[in-house]
Each structure stands twice: as C-alpha cells, then as structure tokens.
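The structure appears right after this line, and notes come after that.
Naming: A, B, ... by sequence-line order, numbering from 1 per chain. Heavy-atom basis, side chains included; hydrogens, waters and symmetry copies ignored.
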Amino acid sequence: MLGSTAPDSEAAGRHILVAVAWPYANSPVHMGQLAGAYLPADIFARYHRMRGNRVLMVSGSDSHGTPVTVRAEAEGTTPEEVYQRFHRTFLETWAGMGISFDLFTSTDTPNHVAVAQDMFRRLLERDFIYEGEQTLLYDPKAGRFLPDRYVEGTCPFCGDPNARGDQCDNCGRTMDALELKNPRSRLSDATPEPRQSKHFFLRLSAFNERLREWVEPQTHWRPAVRNFTLGLLREGLHDRAITRDLSWGVPIPLEGYDEKRLYVWFEAVIGYLSASKEWAASTGAPEAWRAWWEGAEARQYYFQGKDNVPFHTTIWPAMVMGYGELNLPYDVPANQYVTMSGSKASSSRNWAVWMPDYVARHDPDPLRYVLTALMPETSDSDFTWAEYVRRNNDELVARWGNLVNRVLTMTRRNFEERVPAPPSTLAPESQAMLEAVDAAFEEVAGHIEAVQLRNALGAAMGVAQAANRYLDERAPWTAVRSDRDHAAETLYVAINVVSGLATLLQPFLPFTSQEAWAFCGHAGDIQAAGWTRTPVTPGTPLPEPHPLYKKLDDALIEDEESRLGR
RNA sequence: GGCAGGGUAGCUCAGAGGCCAGAGCAGGGGACUCAUAAGCCCUUGGUCGGCGGUUCGAAUCCGCCCCCUGCUACCA
C-alpha cells in the first residue's frame, strides 16, 4: 500500500513523433507562439519520455521565404545572416523556457535540401507535380520576377496608395498583386509588368477524396481542426504553385530552373522528415528515423497554431500520400490564439511579449504554468500580466510552493531533518491521500494523451489542494506536541504526496519539479524515475528547502503592461 | 461576402439533452497558525447573447437575428 503504482493506459515503448511548427526566422518567438505550439509540444514530449515511450521532438528555423529576404535587404545584410541571428534567439528561448527538442535544426541544411528535392522528384515522377504557366509581375530594370510583397501600389479596394501586393495594411484585404493599381517595384523605380512564367504545381485536387476519407474518421481530432479541414475539403482543394522566382531557397533539382526555388510552404513541412533523418544520422544510426515514420505502432503529433492547420491536415498529408510509404499524422492538436490584454499579438505594433525579453527578466516555470492554465485549446484566451501575477501568487506560490515548503520545514524541525517513520497501519484518510496521488497519475496521463493539457494541469493541482486539506485536518503542528506518531504519519504521507506531485508536475514545471524532487531527499534526475510516485522512505535525510517560487509584486503588472505597444 | 470558432457569475474560463448550471479569482463570514500573512471551512452572486421551434425535459439539438475572433488559400 505504501508502494507506488504505475499507470498503464498505454503500452510503453511506443514511438511518438512530436513535430512542432517551424518558426519563421525573421523575428523572435513571442508568448502566443510559445503557448500555441512549443509549450504544449514540450509538455506532451516530457510526459511521454517519463512514460518510457520513444519520443522524437523536432522542429527548426524556417530560414527561407520572402520576409527573411526582405529583412535582409532592409538591413543591408544576407538572408543567411538574418536567419542565423534569429535561429540563435530561438535556441536561447528553448533553453531558457525548457523546451526540450531532440533536434532544432533549420531548413538551410544540405540534408534538408536533399530530402526536399527527393520529395519533389518523386511527386513529379508520379505526376502529382506538373509544370504550368502563371502570370506574374516582372521588374524589367531589376531583371526578375517580383514576389507579391515586393510590389506596392494603390489598393483596388480602398484606394490606399501604399498597399502591398499581398495585402493592404489599410483595409486588411488580401489580393493578387496583379490587381494593384499603379504598381511599383520595391527593387527599383521601374513599373512592373505582367509576364508569363513557368512554374510547378502541386496537384492537390487529386487528393481531395482520399483526404476526405482520411479526415472523416479522425474523431479524436479537436472539433475545430476537423471541422475546418472538412470545410476546406468540401470546397475542394485547388492545385497550387510550389515554385517561385527567387534565389533564396531550395533549388529545383532539374536542368534549366536556376532562377527558381521551391516555395516555402511546400518545402518547410518536409522539414519534419528531414529533421528526423538528420537526428538519426547524428546518433550514428541513419535508418533510426523510420521507427517514427513507418508502421502502425508509431504516432505523429503536429503541434501548431490554428493558422497552420491547412498545411498539416491537407497539404502535408497529400504530399505524404503522394510520396507513399510514410505515416500520416495521427493528430494535429492545433491551438487557438492567446491574445495580449485583449488584442491579437502584432509585430508591427510591437503588441507582444517577446520571449528573449521574458527569459531575461523572469523565471520559466511561472509562465509555463500560466500559459498551460490558459491554453487556448478550445477557443482564444487572453493573457494579462495581472492574471500572470495572480496565478503565480495564488496558485503556484500559495497552493503548491507553500505546500512543499510547509511540509518540509515542519518535518525537518521536528524530526531531526529526516523523513519520519509512519506506524504500521495508516489511518483511513492517510491511505486515501496516498491513493489520491497515485490515482492522479492515471488521470493526468489520460488528459495529456488526449492533449488536454489544461485539464491535466488542473487535475495535478487538485492533488496539491487535497494535500493542503489533508494537512489541515490532521494538524501535525498541534499533534507534534501531543501525539508524535500521529504527526509523523501525517508528514510521512505528505512528503510522499510531494514526491508524487513533483513527478506529476514535471512535464509542466520541469525546473521547479526537479527542485521539489530533491527536497524530498531524492537524488538524480526526476525524469529518469518514470511516471509514478517515487516512494520516500523513512530515515531519508532531508536537505534544507527554499521557496520554489517568488511571490510577485503588483508593480510588475504596470511595468510589463507599459512595454506593450511601445 | 463565404467558411470556422465563440458569446455561461464582477473577472478568466469549464460544461454540450435530464439531480437545484460549475471552478478559480474578486466580495462577505468563520475556525486555525506549520508555512512565502500562505493554507482550510462556509457563503453572496447567473433570465447560460436575443427571439422562435423540437422534446416529458435544452447552455446543451434546429431555425432566424445581434455581437466578437480567426481564416479566406502567392502570408506561411
């Protein structure tokens, strides 16, 4: 009864691919992106690792694409320099926030180029890619075709004279650059002219029915993801051009296309596969990636923000179907958006909390906690600094951190800094308390496996609350003077609950869970101990604890709010 | 315009045909004092966006309307 119990909701040893959105390497990641994809992916990966499953968590910098080029030209530098600079900020953010990638690479690697070109070639051979003509704007002075963002002109909808070719910032309408009135090139003072250009197209229309048959039975997908995808398929997918007249990107592996590149939306999703191969090669087992990509035992989860859903539920699956042999996604647990103080995050208005800034000023676990509690799994949610301070102080500090602190300081003071011995038979409420922790492993596991992380965290925190209640009922601070054995039992049980909670919370709060684990007298890495309550045995010396979390002052709210939008 | 999601207590959000609609916080009261004055107990508070319908019974299903958000695919 005093031992631990292990949940067995699914066989250990399963291969889990945790595929996470590739951030565009032209700005640092902000809090919304963290909450939307990186944090949920990390929680999911950490849990599965503890369960003994074989996790491969990959992503990388999306180093190609027009915004990287635009930024490079604006700064008078190269696209390489731009993406490498932001790649470094990504790595710092993952380290600072504990986002535990097995590999975070980039699309600018020889491996990725080879894998992307292989995908292109096979789809071309199978006639899922074909060549066609497209009318695009051409700058006769610069001697090149212009991406939509390189064209400016008068908006055909609202008449704003400074609309970009892809979208008008004034009225928000999107358009084809050919629709602009009085177009002008951003590369020269020339007037762009429409010209025919040859491009390759992905035959998405050929996959419409197969995709529909595949998506229809995915009832474990989030309703918003499945419904949205079925809506796209009902309207019918259109073939899309997958090449552009650019020099920065993956070259087309055919003669005579030196001035064209694969377009990022086609090429970047291949990164999941190329990163898996790169990871395998780096371990000295180049074929090891197959375990996550072939066979019914492996499962692939693609963590995304909602804006990326079409790419992961239609385009990438279509590419995989066309390519053959590889597994399709098991789930695409896309999140909605986290808004900042009521408004959508926006780079141009600087309405965002940039993660490098956060990491420089604050601790990782409180933000991981707050963003998990607010995770926009069903609808958009709103982040405010007031809510951050409130949840930190009332929930992390008061409910969980204080539980750890009160139990350990009381025990050390009264029982010679060691875990006290309980009587041979535990009181019913003590047994019930231990059973509650052990039962929580099953419950939290079920929520995480269903990618319902908010509920998972809530279930774990519910145990902390039950433990505070248990302490209050047993009042060991009183019992220690009248009935020492009674107090010993209470504190022994409470320390074991803390040990279990440290593990339950580890996927969410990896930094402080490791500390709480050590406070229980355990040595080594909490993750290695597995998804189960590690028993704390009587007599174990207890190190001196310190508070796991800082209580935050309300002044922080105003300080941080004032940084938004300026 | 089209498509999707949402409008539930002062605030942030759960619930998706059936006991008197829930949680946390905020507000009110209480017992305790080990702990970062934290924890625990009790409690005030809602015509579940509006109107109609289906049903023995509807936040929960259907229709219409109002409002918010996102997407609308060469932004990825």
Side-chain angles (χ1 to χ4, degrees), chain A residues 21-24 62 64-67 134 136-137 146-149 151 164-167 173-178 199 204 222-232 234-235 237-238 240-244 263-269 304-311 314-315 336-337 339 342-344 373-374 376-384 386-387 390-391 393-411 413-414 454-455 458 461-462 464-465 467-473 475-480 487 490-491 494 545-552:
Chain A
W22 289 55
Y24 225 173
D62 185 351
H64 301 138
T66 316
Q134 214 176 11
L136 297 166
L137 289 174
L146 297 167
D148 287 349
R149 283 175 182 247
V151 187
R164 273 180 290 125
D166 56 341
Q167 185 171 25
R173 298 286 299 267
T174 57
M175 70 195 86
D176 193 298
L178 292 166
H199 280 288
L204 284 170
R222 294 182 176 171
V225 172
R226 184 164 168 273
N227 290 341
F228 179 70
T229 304
L230 288 172
L232 292 175
R234 209 178 303 121
E235 287 175 32
L237 299 179
H238 305 302
R240 288 178 63 165
I242 56 162
T243 51
R244 290 292 185 283
Y263 198 49
V264 280
W265 67 254
F266 173 81
E267 169 249 296
V269 287
Q304 310 293 326
K306 62 178 167 185
D307 50 337
N308 266 322
V309 167
F311 293 89
T314 62
I315 294 176
Q336 309 298 300
Y337 288 148
T339 53
S343 300
K344 192 193 168 194
L374 292 174
E377 292 170 343
T378 52
S379 58
D380 291 352
S381 64
D382 190 45
F383 176 94
T384 60
E387 180 75 351
R390 209 272 306 158
R391 286 205 187 254
N393 291 354
D394 295 349
E395 299 181 17
L396 263 190
V397 171
R399 194 178 300 164
W400 164 232
N402 183 52
L403 171 69
V404 174
N405 199 43
R406 69 195 295 210
V407 165
L408 293 167
T409 53
M410 206 186 327
T411 305
R413 185 181 311 131
N414 294 295
R454 205 169 41 193
N455 286 338
M461 290 300 287
Q465 186 166 30
N468 279 318
R469 204 171 286 141
Y470 168 79
L471 280 180
D472 193 72
E473 282 168 14
W477 48 89
T478 305
V480 77
T490 307
L491 293 169
H546 58 80
L548 291 177
Y549 310 99
K550 292 194 286 267
K551 190 157 185 184
L552 299 172

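- Taken to the nearest 0.5 Å, the CH2 atom of A:W265 stands 13.0 Å off from the CG atom of A:N308.
- For the P atoms, the distance linking B:A9 with B:C13 amounts to 12 Å, nearest Å.
- In this structure, A:V404 and A:P545 have side chains that are not in contact, with every pair of non-hydrogen atoms separated by 4.5 Å or more.
- Taking atom NE2 of A:H238 as the reference point, atom P of B:C3 lies 15 Å away to the nearest angstrom.
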Letter by letter from the 5' end, nucleotides 21-30 of chain B scores (B base, S sugar-phosphate only, - none; protein heavy atoms under 4.0 Å) ---SS-----
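- Taking atom CZ on A:R406 and atom P on B:C34, their separation rounds to 11 Å, with Å as the unit.
- If you take atom P in B:U12 and the same atom in B:G7, they sit 13 Å apart, rounded to whole Å.
- Residue A:Y337 is classed as a sugar-phosphate contact, given heavy-atom separations below 4.0 Å to backbone atoms only.
- To the nearest angstrom, C1' of B:G39 lies 9 Å from CG of A:L471.
- To the nearest angstrom, P of B:C71 lies 19 Å from CH2 of A:W265.
- Looking at heavy atoms from C-beta onward, A:P476 lies in side-chain contact with A:L471 at the 4.5 angstrom threshold.
- Taking the P atom of each, B:C71 and B:G27 are spaced 38 Å apart, rounded to whole Å.
- The structure places CD1 of A:I242 at 10.5 Å from CD of A:E267, a figure rounded to the nearest 0.5 Å.
- At least one donor-acceptor pair under 3.5 Å links the side chain of A:N414 to the backbone N or O of A:M410.
- Counting only heavy atoms from C-beta on, A:N405 has its side chain closest to B:U36 among B:G39, B:U36, B:C34.
- Spacing between atom CG of A:L232 and atom C1' of B:G2 amounts to 12 Å, rounded to whole angstrom units.
- Nucleotides B:C25 and B:A14 are separated by 15 Å at their C1' atoms, to the nearest Å.
- Using a 4.0 Å heavy-atom criterion, one finds that A:D382 contacts the sugar-phosphate atoms exclusively.
- Rounded to whole angstrom, the span from the OH atom of A:Y549 across to the P atom of B:A38 amounts to 17 Å.
- At a threshold of 4.5 Å between non-hydrogen side-chain atoms, the residues A:L204 and A:T314 do not count as touching.
- Residue A:P310 is classed as having no contact, given no heavy-atom separation below 4.0 Å to the nucleic acid.
- Of all non-hydrogen atoms in A:P376 and A:S381, the two that sit nearest each other are CB-OG, 3.8 Å.
- Taking the side chain of A:S381 as heavy atoms from C-beta on, and the options B:C13, B:U36, B:C40, the nearest nucleotide is B:C13.
- Using C1' as the reference atom, B:U55 and B:A73 are 42 Å apart when rounded to the nearest Å.
- Put simply, CG on A:L396 and CZ on A:R390 are 10.5 Å apart, with the number rounded to the nearest 0.5 Å.
- Here the nucleotide nearest the side chain of A:K306, chosen from B:G70, B:U33, B:A35, is B:G70.
- The side chain of A:K550 places no N or O atom within less than 4.0 Å of a non-bridging phosphate oxygen (OP1 or OP2) of B:U36.
- Between the CG atom of A:L374 and the P atom of B:U12 there is a distance of 11 Å, given to the nearest Å.
- At a threshold of 4.5 Å between non-hydrogen side-chain atoms, the residues A:N405 and A:L548 do not count as touching.
- Mapping A:D472 and A:V397 onto RNA chain B by nearest heavy atom places A:V397 at the nucleotide closer to the 5' end.
- For A:N393 and A:F266, each mapped to the nucleotide of RNA chain B holding its nearest heavy atom, the one lying further toward the 5' end belongs to A:N393.
- Taking atom C1' in both B:U44 and B:G28, one finds a spacing of 7 Å when rounded to whole Å.
- A:V269 is not listed as a side-chain neighbour of A:W22, based on a closest heavy-atom distance of 4.5 Å or more.
- Taking atom C1' in both B:C32 and B:A38, one finds a spacing of 13 Å when rounded to whole Å.
- A:F228 approaches A:V309 most closely through the heavy-atom pair CD2-CG1, 3.7 Å.
- For A:A398, the listed nucleotide lying nearest its side chain is B:G39; candidates were B:C41, B:A73, B:G39.
- Rounding to the nearest 0.5 Å gives a distance of 10.0 Å between OG1 of A:T243 and CZ of A:F266.
- Using atom P as the reference point in both B:C40 and B:C3, the two lie 49 Å apart (nearest Å).
- We find that CD of A:E473 is positioned 11 Å from P of B:C40, with the value rounded to whole Å.
- Using a 4.0 Å cut-off between charged nitrogen and carboxylate oxygen, A:R391 and A:E387 count as a salt-bridge pair.
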Enumerate the protein-to-nucleotides 4-7 of chain B contacts in which both atoms are nitrogen or oxygen and the separation is below 3.5 Å.
from, atom 1, to, atom 2, distance (Å)
B:G5, OP1, A:N227, ND2, 2.8

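- Consecutive Watson-Crick or G-U pairing (both distances under 3.5 Å) extending over three or more pairs maps onto RNA chain B as B:1-7 with B:66-72, B:10-13 with B:22-25, B:27-30 with B:40-43, B:49-53 with B:61-65.
- The side chain of A:R469 lies closest to B:C41 when the candidates are B:C41, B:C71, B:C34.
- Nucleotide B:A59 carries a syn base; the chi torsion (O4'-C1'-N9-C4 or O4'-C1'-N1-C2) is within 90° of 0.
- Within the model, atoms CG of A:L403 and CG of A:N468 stand 5.0 Å from one another, a figure rounded to the nearest 0.5 Å.
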